[in-house]
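Sharing a structure below in structure tokens format, with a few things to ask.
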Amino acid sequence: RGIWSEGLLIKAKSHHKLGDNVMDELEITRWEPPLAKGFSWGAEGSDLKSGLPTKEPKIPGLFHIPKYDLENYKKHSKLILESEEVFYTTKIHGTSARFVFWDGEMHCGSRTTWKRKPGEKIEYHNHKTGEVVEKETPSSSWWETLNQHPWIEEWCRANPGLIVYGEIFGSIVQGNKFHYGYNNGSLGFRVFDVLTTKGWVSFKDLVEESLFQGLKLVPILYRGPHNKDLLEKL
């Protein structure tokens with residue numbers, strides 16, 4: 001892509017096996033690129049009195065909802081056979097989002113944290129002065145996306161406990177280069193996965209099952225037998 005990149009070689013330890021994920025052991029964290037000016041993070045669902053974010057944000061009474069990650073095709077290309085039916089979809093350049101309706105209320109989250117509703121009164125602890133200050137939580141681009149796309153909440157309310165994963169995009173998310181036609185504060189959203197108590201829903205089911213017909217999915221570029229040459233061209 002014409003972007004400078006550096007790698008680091010570290011000698012494997014005796015207990016390491018080929019394919020092990022050693023990020024936590026080596027204290028390596030994923031770098032998240034800064035979002036465009038005007039993008040609003042909002043207040044995270046953390047221990048706001050202490051000012052410390054919760055390590056694993058959870059929704060009471062609901063099963064653990066993991067962070068979403070992608071694997072590199074080149075690393076796992078041998079796992080996909082040429083005869084297998086696949087879907088090639090657009091990787092939209094935006095920011096990750098999660099939505100779920102549970103216990104009578106809607107929840108909005110980023111890839112790593114759940115966002116408090118705008119207008120909630122919360123207490124912030126000022127570490128410099130020691131005083132506790134009460135403030136209202138600001139709006140966030142996740143809740144704004146929910147406001148701009150009523151179909152998200154309609155589907156979530158009809159299917160409580162099912163977590164919708166997707167991408168928020170627009171000029172205020174990643175700037176004018178990746179706006180996909182959403183400018184001047186408008187936000188787009190497309191779904192790329194759904195999580196149930198039984199696990200992740202296959203993309204084929206997202207496309208074909210009537211339960212998921214109310215969801216707007218990421219653009220599908222190709223459906224058919226896996227074709228490495230075609231994938232590289234796309």
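We use all heavy atoms of the structure for the numbers below, so side chains are in, but hydrogens, waters and symmetry mates are not. Since the structure is predicted, the reported quantities are computational estimates derived from the model, not experimental observations.
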(request) Scan for salt bridge (Lys or Arg N to Asp or Glu O under 4.0 Å) pairs involving residues 12-21, sequence neighbours excluded, and state none if there are none. (result)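 Qualifying pairs, neighbours excluded: Lys13-Glu25, Lys17-Asp20.
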(request) Return the minimal non-hydrogen interatomic distance between Ser77 and Lys74, and the atom names on each side. (result) OG-O, 3.7 Å
(message) So does Pro150 get a backbone contact from the side chain of Trp155, meaning a donor-acceptor N/O pair under 3.5 Å?
(response)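 No; judged by distance alone, with no hydrogens or angles, the pair does not exist.
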(message) Tell me whether Val218 shares a hydrophobic cluster with Leu231, the cluster being built from Ile, Leu, Val, Met, Phe, Trp, Tyr side chains joined at under 4.5 Å.
(response)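 No, it is not one cluster - the side chains of Val218 and Leu231 are not joined through contacts under 4.5 Å.
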(message) Suppose we call two aromatic rings close when their centres sit under 6.0 Å apart. Are Tyr165 and Trp200 close by that rule?
(response)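 Ring centroids of Tyr165 and Trp200 are less than 6.0 Å from each other.
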(message) Show every side chain to side chain donor-acceptor pair (under 3.5 Å) that has at least one partner inside residues 184-198, sequence neighbours left out.
(response) Tyr68-Asp193
(request) Output all residues satisfying ring-ring contact (aromatic ring centres under 6.0 Å, His included) with His226, sequence neighbours left out; order by chain, then residue number. (result) Tyr73
(request) Taking the side chain as every heavy atom from C-beta outward, state whether Cys108 and Val100 have any atom pair closer than 4.5 Å. (result) no
(message) Using side-chain heavy atoms (C-beta onward) and a distance below 4.5 Å, is Trp143 in contact with Arg116?
(response) no
(message) Could you measure the distance from the CG atom of Leu230 to the CD atom of Glu232? Nearest 0.5 Å is fine.
(response) 10.0 Å
(message) Check whether Gln174 reaches the backbone of Gly94 with its side chain - one donor and one acceptor, N or O, closer than 3.5 Å.
(response) yes
(message) According to side-chain contact (heavy atoms from CB on, under 4.5 Å), who are the partners of Glu208, at least two apart in sequence or on a separate chain?
(response) Lys204, Arg223
(request) Return the minimal non-hydrogen interatomic distance between Ile168 and Val173, and the atom names on each side. (result)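 It is O-CG1, 3.9 Å.
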(message) Taking Ser110's backbone N and O only, do any of them form a donor-acceptor pair with Arg98's side chain (distance below 3.5 Å, no angle check)?
(response) yes
(message) If we ignore hydrogens and angles and just use 3.5 Å, is the side chain of Thr137 paired with the main-chain N or O of Glu120 as donor and acceptor?
(response) yes
(request) Only pairs at least two apart or in different chains count here, so list each salt bridge (Lys or Arg N to Asp or Glu O under 4.0 Å) that has a residue in residues 172-189. (result) none
(request) Please name the residue in the list Phe99, Trp142, Tyr180 that meets the ring-ring contact (aromatic ring centres under 6.0 Å, His included) test with Phe189. (result) Phe99
(request) Apply ring pair (Phe, Tyr, Trp, His ring centres under 6.0 Å) to the pair Phe169 and Phe178, showing each step before the final yes or no. (result) CA-CA 8 Å; Phe169 51 93; Phe178 297 101; over 10 Å; no
(message) Run the side-chain contact (heavy atoms from CB on, under 4.5 Å) test against Glu84 and tell me which residues pass, sequence neighbours left out.
(response)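 Ile80, Leu81.
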(request) Sequence neighbours left out, what pairs pass salt bridge (Lys or Arg N to Asp or Glu O under 4.0 Å) with at least one residue falling in residues 141-164? (result) Glu153-Arg157
(request) Could you tell me whether the side chain of His179 and the main chain of Gly181 form a donor-acceptor pair under 3.5 Å? (result)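 Such a contact is found between His179 side chain and Gly181 backbone.
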(request) Heavy atoms only: give me the nearest Val164-Cys156 pair and the separation to one decimal. (result) CG2-SG, 4.0 Å
(message) Strictly by side chain to side chain donor-acceptor pair (under 3.5 Å), give each pair with a member in residues 209-222 just once, sequence neighbours left out.
(response)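 Checked against side chain to side chain donor-acceptor pair (under 3.5 Å) - neighbours excluded - no pair reaches residues 209-222.
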(request) Could you work out the complete set of other residues in the hydrophobic cluster of Leu9, with links drawn between I, L, V, M, F, W and Y side chains under 4.5 Å apart? (result) none
(message) Does Glu27 have more than 12 heavy atoms from other residues, nucleotides or ligands lying within 6.0 Å of its CD?
(response)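 Open.
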(request) Might you point out which heavy atoms bring Phe212 and Leu206 nearest each other, and give the distance in Å? (result) CB-O, 3.6 Å
(message) Please enumerate all residues that pass side-chain hydrogen bond (donor to acceptor under 3.5 Å, both in side chains) together with Asn227, with sequence neighbours excluded.
(response) none
(request) Please list, chain by chain and in numerical order, all residues satisfying side-chain contact (heavy atoms from CB on, under 4.5 Å) with Asp24, sequence neighbours excluded. (result)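 For Asp24 there are no side-chain contact (heavy atoms from CB on, under 4.5 Å) partners, ignoring immediate neighbours.
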(request) Sequence neighbours left out, what passes side-chain contact (heavy atoms from CB on, under 4.5 Å) with Glu167? Give chain and number order. (result) Lys91, Ile92, Ser96, Phe192
(message) With rounding to the nearest 0.5 angstrom, report the CD1 to CG distance, Ile172 to Leu187.
(response)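 Separation between the atoms: 4.0 Å.
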